[in-house]
*Asks:* 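Sharing a structure here in structure tokens format.
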Amino acid sequence: MPVLEHGEAVTITQVFHSHAKTRTYTNELLGREGVIVAELRNGNVALVELDGDPWVCPAGARRWSFEQAAPAAEAPATMARDAERASEEQA
């Protein structure tokens, strides 16, 4: 999967390779949608601002960091582009 870029709309699909504090909120984060607002660590980590109001976000935080690429080729992607997801649903 190509690395996602700043400004792209994404859906959180897994948090396995993300920071432990992020993984604590796995159930609340999976399926959430947002926009990449920054790329960190040479593009390996994306800072995602979740859609919605802060009081409905996990721990009241709108911005979360996620590893963008899993080391194993068979591992699921961390984030899916919303455009790719829409085209899959139409097929």
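Worth knowing before you read on, the calculation uses all heavy atoms, side chains too, and leaves out hydrogens, waters and symmetry mates.
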*Asks:* What is the distance from atom OG1 of Thr13 to atom CZ of Phe66, rounded to the nearest 0.5 Å?
*Replies:*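 Going from the OG1 atom of Thr13 to the CZ atom of Phe66 covers 9.5 Å.
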
*Asks:* Give, for atom CG of Leu50 and atom SG of Cys57, the distance between the pair rounded to the nearest 0.5 Å.
*Replies:* 5.0 Å

*Asks:* Please report the interatomic distance CD(Glu39) to CD(Glu8), rounded to the nearest 0.5 Å.
*Replies:* 8.5 Å

*Asks:* Provide the closest heavy-atom pair for Gly34 versus Asp51 in the form atom of the first, atom of the second, distance.
*Replies:*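 Reported closest heavy-atom pair: CA-OD1, 3.6 Å.
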
*Asks:* Please enumerate all residues that pass salt bridge (Lys or Arg N to Asp or Glu O under 4.0 Å) together with Glu28, with sequence neighbours excluded.
*Replies:*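 Once residues adjacent in sequence are excluded, Glu28 has no partner under the salt bridge (Lys or Arg N to Asp or Glu O under 4.0 Å) criterion.
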
*Asks:* Hey, could you give me the OG1/CG distance between Thr11 and Leu30, rounded to the nearest 0.5 Å?
*Replies:* 11.0 Å

*Asks:* Please list all pairs meeting ring-ring contact (aromatic ring centres under 6.0 Å, His included) that have one or both residues in residues 18-45, counting only residues at least two apart or in different chains.
*Replies:* Tyr25-Trp64

*Asks:* Report the C-alpha distance between Val10 and Ile36 in whole Å, list the side-chain angles of each, state the deciding distance to 0.1 Å, and finish with yes or no for side-chain contact (heavy atoms from CB on, under 4.5 Å).
*Replies:* CA-CA 7 Å; Val10 295; Ile36 295 178; 4.0 Å; yes

*Asks:* Of all the heavy-atom pairs spanning Arg32 and Val56, show the shortest one and how long it is.
*Replies:* NH1-O, 3.3 Å

*Asks:* Do you reckon Val45 sits in the same ILVMFWY cluster as Leu47, going by side-chain contacts under 4.5 Å, direct or chained?
*Replies:*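 Looking at the clustering, Leu47 is in the same group as Val45.
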
*Asks:* Which heavy-atom pair separates Leu29 from Pro58 by the least distance, and what is that distance?
*Replies:* CD2-CG, 3.8 Å

